[in-house]
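Below: one structure, written as structure tokens.
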Amino acid sequence: SYRKGGYHAVRTGDQFAGGRYIAQGKLGWGQFSTVWLAYDTQNSKYVALKIQKSAAEFAQAALHEIELLSAIAKGDTSDDKFVVRLIDHFKHAGPNGQHLCMVLEFLGDSLLRLIKFNRYKRMELNKVREICKCILTGLDYLHREVGILHTDLKPENILLISTIDPSKDPIRSGQTPILERPEGSQNGGSTMNIIEKKLKRRAKRAVAKISERRASMGGVELTKAARTLDGIDMRCKLVDFGNACWADKPFAEEIQTRQYRAPEVILQSGYSSCVDMWSFACTAFELATGDMLFAPKPGQGFSEDEDHLALMMELLGKMPRKIAIGGAQSKDYFDRHGDLKRIRRLKYWSLDRLLVDKYKFSEVDAREFAEFLCPLFDFVPEKRPTAQQSLQHPWLNPTTSTQTETEKKPNVERVDVGMSKLQIRVGK
Ligand code: ATP
Ligand code: MG
Ligand code: MG
């Protein structure tokens with residue numbers, strides 16, 4: 001992909017925007033860009049530099065992302081909305097073409113990495129609560145104030161907040177920035193390889209060291225030392241607005257990453273901010289259990305979409321007929337009664353039994369968490385609570401007194417309900 005129209009090759013020490021930003025080491029990459037840790041010499045702080053591929057379609061996408069990120073930054077002057085901040089943007093000419101570059105605030109690891117480092121084990125519910133509050137605050141801001149749908153909410157697109165104070169001198173915060181390329185390394189020749197190699201090693205160390213500091217300071221359980229840090233505020237921000245859209249101008253038909261995709265998107269019934277609430281609920285479940293809630297696979301005689309719809313109904317109950325048959329794709333999957341055409345026998349389960357039986361939640365924890373999640377999984381999009389409403393839910397705001405009360409009280413009536421279809425309707 002490092003060819004005309006593709007990525008821009010970067011070396012540590014490379015300068016951008018007339019020398020203001022200096023590349024330190026690679027942070028990550030995606031289908032559209034490579035992202036580098038860079039040093040902002042004007043403000044003496046680290047930033048993330050997203051360098052887009054140069055071909056027209058990527059430039060177009062970057063312009064769209066910049067437009068949305070600018071609107072997002074404009075309304076977030078006090079930086080308390082838990083959404084990544086766009087600091088600057090510019091064009092950079094290279095051998096592969098003109099690259100649009102976005103300068104973003106430097107954030108920490110993604111929640112996906114956090115889940116992996118946790119070895120897909122459950123995360124403490126108090127931490128899940130803190131993360132959920134950040135995500136919902138971000139979504140509430142996007143939906144109500146900016147008028148934007150994220151449309152690709154998932155653990156990979158939620159980054160932990162770096163706790164290195166960017167206003168502090170980076171030297172004191174643990175890492176001296178690389179400010180220039182050493183003599184000789186630009187021009188090739190025999191000394192180049194040695195210097196280049198040294199510089200590469202140094203860049204790798206710098207990124208590793210900064211990431212590790214970030215991790216341990218954020219209370220993230222990435223290192224052994226960090227595991228002892230308990231009760232630290234876990235905070236995060238929403239990133240990757242490459243697929244986001246204005247709420248009144250939805251353009252793509254197929255949105256969202258498969259596992260986080262809402263039923264109305266599969267059925268092509270039109271969509272709204274409610275799709276982000278569905279993905280949010282999938283993400284919250286994944287954080288709390290370490291597993292994806294819906295991981296559909298195509299099978300003999302049915303497609304991935306159909307498996308996905310079946311998995312949803314097995315957990316949430318039958319889809320209301322009106323909803324099932326109301327989409328442009330409905331005829332492919334449902335008969336006129338609203339039953340799946342090719343997957344006939346569903347194995348009903350329920351969210352709170354799943355949490356107890358498979359993930360060993362206590363009865364109380366399972367019931368309370370399911371009461372928070374189930375309304376978000378309503379098949380009728382408009383019935384899902386909004387981000388603003390979800391922020392008010394008791395699960396996010398537990399008071400010590402009610403907690404001890406429910407813990408003392410044995411939860412007799414729920415114990416033997418089992419997997420009856422009635423119980424699946426909980427929360428509706
Ligand atoms: P995608 O294919 O996911 O759309 P993309 O090319 O749009 O990719 P991003 O997802 O924005 O790129 O970024 C790629 C990676 O760079 C992220 O997964 C993350 O690891 C890293 N990254 C992005 N933004 C930041 C940031 N602000 N701070 C730190 N790391 C970042
Ligand atoms: Mg991404
Ligand atoms: Mg993207």
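As the structure is a computational prediction, the values presented were derived from the model and not from experiment. Atoms within each ligand, like the ligands themselves, are counted from 1 in listed order. Excluded from the calculations below are hydrogen atoms, water molecules and symmetry mates; all remaining heavy atoms, backbone and side chain alike, are included.
Ring centroid separation for the pair Y46 and Y39 comes in under the 6.0 Å cut-off. Aromatic ring centroids of F285 and Y359 lie under 6.0 Å apart.
At distances below 3.5 Å, not a single donor-acceptor pair connects side-chain atoms of D378 with backbone N or O atoms of P375.
Of all N, O or S atoms in D240, the one lying closest to the Mg ion (ligand 2) is OD2.
Ligand 1 has no nitrogen or oxygen under 3.5 angstrom from a nitrogen or oxygen of N243. On a distance-only criterion, L104 and ligand 1 share no N/O pair closer than 3.5 Å. At a 3.5 angstrom cut-off on N or O pairs, E65 does not count as close to ligand 1. Not a single N or O atom of N157, backbone or side chain, sits closer than 3.5 Å to an N or O atom of ligand 1. For ligand 1, one of its N or O atoms has an N or O atom of K50 under 3.5 Å away. At least one N/O-N/O distance between F32 and ligand 1 falls below 3.5 Å.
Both the backbone and the side chain of S33 come within contact range of ligand 1, each with a heavy atom under 4.0 Å. Proximity of L107 to ligand 1, defined as any heavy-atom pair under 4.0 Å, is shared by backbone and side chain alike.
The aromatic rings of H64 and F251 sit perpendicular to each other, their planes meeting at more than 60°, with 30° as the lower class boundary. Ring geometry, Y7 versus Y2: the interplanar angle falls from 30° to 60°, so the pair is classed tilted.
Under a 4.0 Å criterion applied to the non-hydrogen atoms of A48, ligand 1 contributes the atoms 26 (C), 27 (N), 28 (N). Heavy-atom contacts of L27 reach the following atoms of ligand 1: 29 (C), 30 (N) (cutoff under 4.0 Å). The distance from ligand 1 to the heavy atoms of G30 drops below 4.0 Å at these ligand atoms: 2 (O), 5 (P), 6 (O), 8 (O). Ligand-side atoms of ligand 1 in range of Q31: 1 (P), 2 (O), 6 (O), 8 (O), range being under 4.0 angstrom from any heavy atom.
Under the 6.0 Å distance and 45° angle rule, K154 does not count as a cation-pi partner of Y260. By the 6.0 Å and 45° rule, R129 does not stack over the aromatic ring of F372.
Looking at L159, V47, L160 and measuring to atom 24 (N) of ligand 1, the nearest heavy atom belongs to L159.
Using a 4.5 Å heavy-atom cutoff, the side chains of L373 and W395 are not in contact.
Look at D152 and the Mg ion (ligand 2): no N/O/S atom of the residue is under 2.8 Å from the metal. For the Mg ion (ligand 3), the N/O/S atoms of E65 include none lying under 2.8 Å.
For the salt bridge (charged side-chain N to carboxylate O under 4.0 Å, His left out) with K237, the lone residue among D76, D79, D80 that qualifies is D79.
Side-chain contact annotation: S350 with D352, donor-acceptor N/O pair under 3.5 Å present.
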